[in-house]
Amino acid sequence: MKTSWRSASLVASAAVVLALMTACGQDGGGATGSQNVGATAAPGDVGDLGAGAGDGVGTGAGQVSASAPEPAGKLSVSTDADFGELVTDGAGRTLYRFDADTAEPPKTTCENDCATKWPPVGADDALAGEGIDEDLLGEVTRPDGTKQLTIGGWPAYRYAKDTAAGDVKGQGVGKKWYALAADGKKARAEPAAGLSTRKDPKLGEIVVDKNGMTVYRFMKDEAWPKPVSACTGACLEKWPVVAPVEANDTKGVEKKGLMSFTRPDGAAQQTIDCWPIYTFAGDKKAGDTNGQGVGGTWYAVKPDGKPVGAPKK
């Protein structure tokens, strides 16, 4: 009888301990359940997983993976029929950015389950290939201490469902994930605006044409009382004029003084703030600024039409 009482007591004690452990598990279950933020998302809407990680969910000690991100290799720009120009790694896989991250300063919010579906791209061996501006490449330290590649400040990822080079299955997932363009912006399928702006790492916000080519001003031109171009003859071979652009076909450019005029040779030329604008034959690809400061008379253009870095008169 004594032995039976002791056994029953041990069983009862174990049941109490088990009940307490279960209760503790339930009390802490909120955090555990929150890690699976995407569990109720629609199939393929993996973007919500990243949102949970971005809110700090699942970032506790021992939960963040410390495995090193897969290296990037030599980056290049590829053209997709649906999404335009986008960045690919050394193996031809598409790189993506996440809207919950930030570029200024660079910060990654995709961890744990999110990082499994959107593996971070390693920064250590990244090389700037054709179409990539080395100055726009950087790195950010992830919570687990590993280094992740950034492009234009945006942390770069791959998508686990992209199984072959050239796949772009991650584009638009959860309305938060987008293929990376070479300047760090989102790759886009729609045609670029006739005139828009981009942030150059050295010159700041400057105007570019529909092909992403830098737009310039010639300091010998005139704007008042009417636009007059001093670039004629052989000059135009090096500095082609920008053709007229409709005001509603611009993005980020000030509308004041946005007009076109007719040159003496009969050609029409666009102006910003009434100043004639040009591109430079020495710029071979989008993002080049080889015309900046040439001859002390040619300068890239700010969104308000002012020349970047021109000496004050």
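FYI, side chains are in, hydrogens and waters are out, and symmetry mates aren't considered; it's all heavy atoms of this structure.
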Asks: Does the side chain to side chain contact (heavy atoms under 4.5 Å, CB included) test come out yes or no for Arg198 and Thr214, once each step is laid out?
Replies: CA-CA 9 Å; Arg198 74 172 184 85; Thr214 303; 4.1 Å; yes
Asks: Measuring only between side-chain heavy atoms, which start at C-beta, is Pro311 closer than 4.5 Å to Tyr299?
Replies: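 Yes, close enough: below the 4.5 Å cut-off.
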Asks: Is there a continuous path of hydrophobic side-chain contacts, each under 4.5 Å between heavy atoms, that joins Val140 to Val121?
Replies: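 No, it is not one cluster - the side chains of Val140 and Val121 are not joined through contacts under 4.5 Å.
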Asks: Does a salt bridge link Lys306 with Asp304, judged by any charged N lying under 4.0 Å from a carboxylate O?
Replies: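 Salt bridge flag = yes for Asp304 with Lys306.
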Asks: Quick one: does Gln171's side chain get under 4.5 Å of Tyr178's, heavy atoms only?
Replies: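 Side-chain contact under 4.5 Å: yes.
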Asks: Between Lys202 and Asp135, is there a side-chain heavy-atom distance shorter than 4.5 Å?
Replies: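 Asp135 reaches Lys202 side chain to side chain.
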Asks: Indicate yes or no: at least one non-hydrogen side-chain atom of Pro155 is less than 4.5 angstrom from one of Thr109.
Replies: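 With C-beta onward as the side chain, the pair stays apart.
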Asks: So Pro227 and Asp221, do their side chains get closer than 4.5 Å, heavy atoms only?
Replies: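 Side-chain contact under 4.5 Å: no.
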Asks: Would you check if the distance from the ring center of Tyr96 to the ring center of Trp118 is below 6.0 Å?
Replies: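 So the answer is yes for these two rings.
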Asks: With no hydrogens and no angle check, is any side-chain donor or acceptor of Glu130 less than 3.5 Å from a backbone partner on Ser76?
Replies: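 Such a contact is absent between Glu130 side chain and Ser76 backbone.
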Asks: Give the cluster check for Phe218 versus Tyr216: same hydrophobic cluster or not, with ILVMFWY residues linked at side-chain heavy-atom distances below 4.5 Å.
Replies: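 Yes, it is one cluster - the side chains of Phe218 and Tyr216 are joined through contacts under 4.5 Å.
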Asks: Using a 3.5 Å distance criterion without hydrogens, assess whether the side chain of Arg142 forms a donor-acceptor pair with backbone atoms of Pro120.
Replies: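 No; judged by distance alone, with no hydrogens or angles, the pair does not exist.
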Asks: State which residues pass side chain to side chain donor-acceptor pair (under 3.5 Å) with Glu205; sequence neighbours excluded, sorted by chain then number.
Replies: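 Here the qualifying residues are Thr197.
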Asks: How long is the span from the OG1 atom in Thr94 to the NZ atom in Lys169, to the nearest 0.5 Å?
Replies: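 Here the rounded value is 11.0 Å.
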Asks: Can you give me the closest heavy-atom contact between Ala103 and Gly152, atom names plus distance?
Replies: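 Taking every non-hydrogen atom into account, CB-O, 3.8 Å.
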Asks: Using modelled atom types and a 3.5 Å cut-off, is there a donor and acceptor pairing between side-chain atoms of Asp249 and backbone atoms of Val245?
Replies: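 Not confirmed, Asp249 side chain does not pair with Val245 backbone.
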Asks: Using atom types as modelled and distance alone, determine if a side-chain donor or acceptor of Asn290 lies under 3.5 Å from a backbone N or O of Gly282.
Replies: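 Answer holds: yes.
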Asks: Can you say whether the rings of Trp239 and Phe280 are parallel (under 30°), tilted (30 to 60°) or perpendicular (over 60°)?
Replies: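 Correct class here is parallel.
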Asks: Return each pair, listed once, that meets side-chain hydrogen bond (donor to acceptor under 3.5 Å, both in side chains) where at least one residue sits in residues 264-276; pairs must be two or more places apart or across chains.
Replies: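 Qualifying pairs, neighbours excluded: Arg263-Gln269.
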Asks: Indicate the atoms forming the closest heavy-atom contact of Pro240 with Ala281, along with that distance.
Replies: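 Looking at all heavy atoms of both residues, the shortest contact is CD-N, 4.1 Å.
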Asks: So does Glu85 pair up with Lys285, basic N to acidic O under 4.0 Å?
Replies: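 Salt bridge flag = no for Lys285 with Glu85.
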Asks: Check Gly252 against Pro303 and note the closest heavy-atom contact, atom names and distance.
Replies: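 The pair with the smallest heavy-atom distance is O-CB, 3.4 Å.
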Asks: Closest heavy-atom contact between Thr116 and Ala160?
Replies: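 Closest approach of Thr116 to Ala160, heavy atoms only: O-CB, 3.9 Å.
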Asks: Do Ile206 and Met213 belong to the same hydrophobic cluster, where Ile, Leu, Val, Met, Phe, Trp and Tyr are linked whenever their side-chain heavy atoms lie under 4.5 Å apart, directly or via other members?
Replies: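 Not linked; separate clusters.
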Asks: Taking 4.0 angstrom as the limit, do Asp99 and Lys186 come out as a salt bridge?
Replies: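 Yes, Asp99 and Lys186 are salt-bridged.
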Asks: How long is the straight-line distance from CG of Asn211 back to CG of Asp283, given to the nearest 0.5 Å?
Replies: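 Reported value, rounded in 0.5 Å steps: 12.0 Å.
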Asks: Would you say Lys147 and Thr141 make side-chain contact, with heavy atoms under 4.5 Å?
Replies: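 Heavy-atom side-chain distance check passes, below 4.5 Å.
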Asks: Using the rule that two of Ile, Leu, Val, Met, Phe, Trp, Tyr join whenever any of their side-chain heavy atoms come within less than 4.5 Å, decide whether Val242 and Val301 are in one cluster.
Replies: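 Cluster IDs for Val242 and Val301 match.
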Asks: By the definition side chain to side chain contact (heavy atoms under 4.5 Å, CB included), identify the one residue from Leu180, Leu86, Ile132 that meets it with Val77.
Replies: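 The side chain to side chain contact (heavy atoms under 4.5 Å, CB included) with Val77 is passed solely by Ile132 among Leu180, Leu86, Ile132.
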Asks: Can you find a pair of side-chain heavy atoms, one from Thr250 and one from Lys255, that are under 4.5 Å apart?
Replies: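 Thr250 vs Lys255: side chains touch.
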Asks: Drop me the distance from Thr88's OG1 to Asp167's CG, to the nearest 0.5 angstrom.
Replies: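 Reported to 0.5 Å precision, the distance equals 12.0 Å.
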Asks: What is the distance from atom CD of Glu111 to atom CG of Asp144, rounded to the nearest 0.5 Å?
Replies: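 It comes to 8.0 Å.
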Asks: Does Tyr278 have any ring pair (Phe, Tyr, Trp, His ring centres under 6.0 Å) partners at least two apart in sequence or in another chain, and if so, which?
Replies: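 So Tyr278 forms a ring pair (Phe, Tyr, Trp, His ring centres under 6.0 Å) with Trp298.
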Asks: Should Ile277 and Leu195 be marked as a side chain to side chain contact (heavy atoms under 4.5 Å, CB included) after you check the CA-CA gap, both sets of side-chain angles, and the distance that decides it?
Replies: CA-CA 11 Å; Ile277 56 175; Leu195 288 175; 4.1 Å; yes
Asks: Nearest 0.5 Å please: distance from the CG atom of Asp101 over to the NZ atom of Lys107.
Replies: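 With rounding to 0.5 Å, CG (Asp101) is 9.0 Å from NZ (Lys107).
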Asks: Hey, is NZ on Lys185 packed in by over 12 heavy atoms from elsewhere, all under 6.0 Å?
Replies: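 Counting other residues, nucleotides and ligands, NZ of Lys185 exceeds 12 neighbours.
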Asks: If you group Ile, Leu, Val, Met, Phe, Trp and Tyr by side-chain heavy-atom gaps below 4.5 Å, do Leu258 and Val207 land in one group?
Replies: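 Yes, same cluster.
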Asks: Got a donor-acceptor contact below 3.5 angstrom from the Arg217 side chain to the Val308 backbone?
Replies: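 Looks like no, no N/O pair under 3.5 Å.
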Asks: Can you check whether Asp162 reaches Val168 side chain to side chain, under 4.5 Å on heavy atoms?
Replies: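 No - every pair of side-chain heavy atoms lies 4.5 Å or more apart.
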Asks: Heavy atoms only: give me the nearest Gly131-Ala182 pair and the separation to one decimal.
Replies: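 Heavy atoms of Gly131 and Ala182 come nearest at O-CB, 3.6 Å.
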Asks: Nearest 0.5 angstrom please: Glu246 CD to Ser260 OG, how far?
Replies: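 If I round to the nearest 0.5 Å, the distance is 8.5 Å.
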Asks: Could you report the tightest heavy-atom contact between Tyr159 and Lys117, atom names first, then the distance?
Replies: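 Residues Tyr159 and Lys117, closest heavy atoms: CD1-O, 3.5 Å.
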